[in-house]
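To start, the structure under review is shown below, and the notes come after it.
Every value quoted in this text rests on a predicted model; they were computed, and no experiment measured them.
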Amino acid sequence: MASTVSFSPANVQMLQGRSCHGHAAFGSCSAVPRTGPRMRSVAVRVSSEQEAAPAVRAPSGRSIEECEADAVAGRFPAPPPLVRPKAPEGTPQIRPLDLTKRPRRNRRSPALRAAFQETTISPANLVLPLFIHEGEDDAPIGAMPGCYRLGWRHGLLDEVYKSRDVGVNSFVLFPKVPDALKSQSGDEAYNDNGLVPRTIRLLKDKFPDIVVYTDVALDPYSSDGHDGIVREDGVIMNDETVYQLCKQAVSQARAGADVVSPSDMMDGRVGAIRAALDAEGFHDVSIMSYTAKYASSFYGPFREALDSNPRFGDKKTYQMNPANYREALLETAADEAEGADILLVKPGLPYLDIIRLLRDNSALPIAAYQVSGEYSMIKAGGALNMIDEEKVMMESLMCLRRAGADIILTYFARQAATVLCGMRSN
């Protein structure tokens, strides 16, 4: 036997002009002629097979109606017996401690741990450093497994494409400059047709929505390998170097850089760069200052990647002493006053206390650089099966976030983002 379903005029209008084939959920349809403009309903026949829905039954085989009838009558099923897990043999029998606070209660299940997790990390927090060179092929970096000097026209685009696919949209560029273009004054740093400006224009053409960070310093362009101009007595000249850095930053902004990042540690360079950018109309270009950049031994693999080791001496007259803590506050106050938009700490993991210091004393975004030495140690430990590379990688990044870093510059960016996306890391 079939039944009919009545529809209101509004429903009729929805049905008009549509074939019955498109409404298989209503069963077999028969055309119902209009009786006139005052027609109030239309009948649609529903097959008896569809009318009788199968009864839903409990695991015991009883229907919902039967269970409800028992509940109304006060016949309730017995709950399963409470079984307490047994302690191992030899466990002492003691009286429970009289504790009003047991923090482990909030850790006892994955769902609770996830609910109360204070720190999170996502691909949006990661910035991928990219080494570029003039060559066509990608050249592996021996001290940094998995990292390459990328050909700026091909390998670079491929790496950016793969990184964006897992949610990484921020990149910072570091150039390997041919020795023939290096000089003591580092003039190649502000060549508008140099490697970095060309690369920025290419990236912005292919991926206009990404964020491009640049490095502002003379060491990749200096024949002396220092971040500034070196006087004949070995002194790094501060103000003359700042003059060159301003031209470098403007050149990068002209090419389309979103954030310029002075890493040189010269005094007063943030204010001078801000003024130079504003004078050229680049008011929207941000400055990420390397506020607390320490004279660290963790930079070795990076200098191999760029072939930028100092030709003599070290960088201790301008980079900070690793033994100093309060000095970071002086640099923070100066960079904030001069117009920095982001404050960076470098290195990362060994300097968590400095990250927290800046976080507690500034409202600006804080960046941390997980440097090449940190990366290479984790890679080496994983290759020797001394640690679980993926777990240590993710823990180290979470620790940087927990210390107060809003963004993290890390060579693990794509690999970590792959894990965060629920995919297997390479």
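Scanning both residues, Ser286 and Asp341, for their nearest heavy atoms gives CA-OD2, 3.3 Å. The two residues Gly256 and Ile200 come nearest to each other via the heavy atoms C-CG2, 3.6 Å. Across every non-hydrogen atom of Arg105 and Leu99, the tightest pair is NH2-O, 4.2 Å. The minimum heavy-atom distance linking Leu126 with Thr410 is given by the pair CD2-CG2, 4.1 Å. Among all heavy-atom pairs drawn from Met266 and Met237, the shortest one is SD-O, 4.2 Å. Taking all atoms of both residues into account, the shortest heavy-atom contact from Ile273 to Ala249 is CG2-CB, 3.7 Å.
Under the 3.5 Å distance criterion, with hydrogens and angles disregarded, no donor-acceptor pair is assigned to the side chains of Glu390 and Gln415. Side-chain atoms of Asp215 and Ser263 form a donor-acceptor pair, as typed in the model, at a separation below 3.5 Å.
By the 4.5 Å heavy-atom criterion applied to side chains, Val212 and Ile210 are counted as neighbours. Two residues are said to be in side-chain contact when any heavy atoms from C-beta on lie closer than 4.5 Å; Trp152 and Leu130 fail this criterion. Using a 4.5 Å cut-off on side-chain heavy atoms (C-beta onward), Tyr148 and His133 make no contact. Side-chain contact check for Tyr411 versus Phe131: some heavy-atom pair is nearer than 4.5 Å. For the pair Val160 and Phe171, the minimum side-chain heavy-atom distance is below 4.5 Å. Two residues are said to be in side-chain contact when any heavy atoms from C-beta on lie closer than 4.5 Å; Ser396 and Ile378 meet this criterion. With contacts defined as side-chain heavy-atom distances shorter than 4.5 Å, the pair Asp353/Tyr325 qualifies. Contact of the Glu336 side chain with the Leu364 side chain is registered, since non-hydrogen atoms from C-beta on lie closer than 4.5 Å.
A distance-only check finds a donor-acceptor pair linking the side chain of Asp138 to the backbone of Gly151 [under 3.5 Å]. Side-chain atoms of Thr214 do not come within 3.5 Å of backbone N or O of Gln252 as any donor-acceptor pair. In this structure, the side chain of Arg401 engages the main chain of Thr120 through a donor-acceptor pair within 3.5 Å. No donor-acceptor distance shorter than 3.5 angstrom exists from the side chain of Ser170 to the backbone of Val127, with no hydrogens or angles considered. Looking at Asn321, its side chain never comes within 3.5 Å of a backbone N or O of Asn324 through a donor-acceptor pair. Judged by distance alone, the side chain of Lys346 and the main-chain N or O of Tyr294 form no donor-acceptor pair under 3.5 Å. The closest donor-acceptor contact from the side chain of Thr199 to the backbone of Leu195 lies under 3.5 Å. A donor-acceptor contact shorter than 3.5 Å links the side chain of Ser163 to the backbone of Glu159. A donor-acceptor pair under 3.5 Å is formed between the side chain of Arg356 and the backbone N or O of Ala403. Between the side chain of Glu338 and the backbone N or O of Gly271, at least one donor-acceptor pair lies under 3.5 Å.
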task = Would you check, one step at a time, whether the test side-chain contact (heavy atoms from CB on, under 4.5 Å) holds for His283 with Leu277?
result = CA-CA 7 Å; His283 305 281; Leu277 292 172; over 6 Å; no
ask   = For Met288 and Ile407, what are the C-alpha separation, side-chain angles and deciding distance, and is it a side-chain contact (heavy atoms from CB on, under 4.5 Å)?
value = CA-CA 11 Å; Met288 179 175 72; Ile407 60 172; 4.2 Å; yes
ask   = Step by step, would you call Arg269 with Asp335 a salt bridge (charged side-chain N to carboxylate O under 4.0 Å, His left out)?
value = CA-CA 9 Å; Arg269 88 276 202 208; Asp335 287 354; 3.8 Å; yes
Working for salt bridge (charged side-chain N to carboxylate O under 4.0 Å, His left out), residues Asp219 and Lys315 = CA-CA 11 Å; Asp219 52 328; Lys315 301 189 176 186; 3.5 Å; yes
task = Could you give me the CA-CA distance, side-chain angles and deciding distance for Val250 and Val260, then say whether side-chain contact (heavy atoms from CB on, under 4.5 Å) is met?
result = CA-CA 9 Å; Val250 168; Val260 296; over 6 Å; no
request  = Please step through side-chain contact (heavy atoms from CB on, under 4.5 Å) for the pair Val211 and Asn169, ending with a clear verdict.
outcome  = CA-CA 6 Å; Val211 179; Asn169 288 293; 5.9 Å; no
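Around CZ of Arg326, the count of heavy atoms belonging to other residues, nucleotides or ligands within 6.0 Å does not exceed 12. In the displayed structure, Asp137 atom CG is contacted under 6.0 Å by at most 12 heavy atoms of other residues, nucleotides or ligands. Around the CG atom of Asp98, the shell of radius 6.0 Å holds no more than 12 heavy atoms that belong to other residues, nucleotides or ligands. Heavy-atom neighbours of Glu395 CD from other residues, nucleotides or ligands within 6.0 Å: at or below the threshold of 12. Residue Glu134 places its CD atom among more than 12 non-hydrogen atoms of other residues, nucleotides or ligands, all under 6.0 Å distant.
Summarising the geometry, atom CG belonging to Leu420 is positioned 9.0 Å from atom CG belonging to Asn125; distances are rounded to the nearest 0.5 Å. We find the OG1-CD distance between Thr241 and Gln248 to be 11.0 Å, quoted to the nearest 0.5 Å. Separating the CG atom in Leu97 from the CZ atom in Arg102 is a distance of 6.0 Å, to the nearest 0.5 Å. Between the CD1 atom of Ile354 and the CD atom of Glu331 there is a distance of 11.5 Å, given to the nearest 0.5 Å. In this structure, the separation between CD1 on Ile355 and CG on Asp360 is 12.0 Å, given to the nearest 0.5 Å. One finds the CD1 atom of Ile342 at 10.0 Å from the CD1 atom of Ile287 (value rounded to the nearest 0.5 Å).
By the 4.0 Å N-to-carboxylate-O rule, Lys204 lies close enough to Asp258 to be salt-bridged with it. Ion pairing of Arg201 with Asp205 is absent here, as no side-chain N (NZ or NE/NH1/NH2) approaches a carboxylate O to less than 4.0 Å. A salt bridge is absent between Lys182 and Glu188: the closest approach of a Lys/Arg side-chain nitrogen to an acidic carboxylate oxygen does not fall below 4.0 angstrom. For Asp406 and Arg359, the salt-bridge test passes: some basic side-chain N is under 4.0 Å from an acidic carboxylate O.
The salt bridge (Lys or Arg N to Asp or Glu O under 4.0 Å) with Asp192 is formed by just one residue from the set Arg254, Lys247, Arg198; it is Arg254. A side-chain contact (heavy atoms from CB on, under 4.5 Å) with Asp227 is found for exactly one of Ile236, Asp264, Leu245, namely Asp264. Each of Phe302, Phe298, Phe412 was compared with Tyr375 under the side-chain contact (heavy atoms from CB on, under 4.5 Å) criterion, and only Phe412 meets it. Screening Val345, Val270, Leu344, Thr332 for a side-chain contact (heavy atoms from CB on, under 4.5 Å) with Thr291, the sole residue that qualifies is Thr332.
Between Tyr318 and His226, the angle of the ring planes goes over 60°, which puts this pair in the perpendicular group of the 30/60° scheme.
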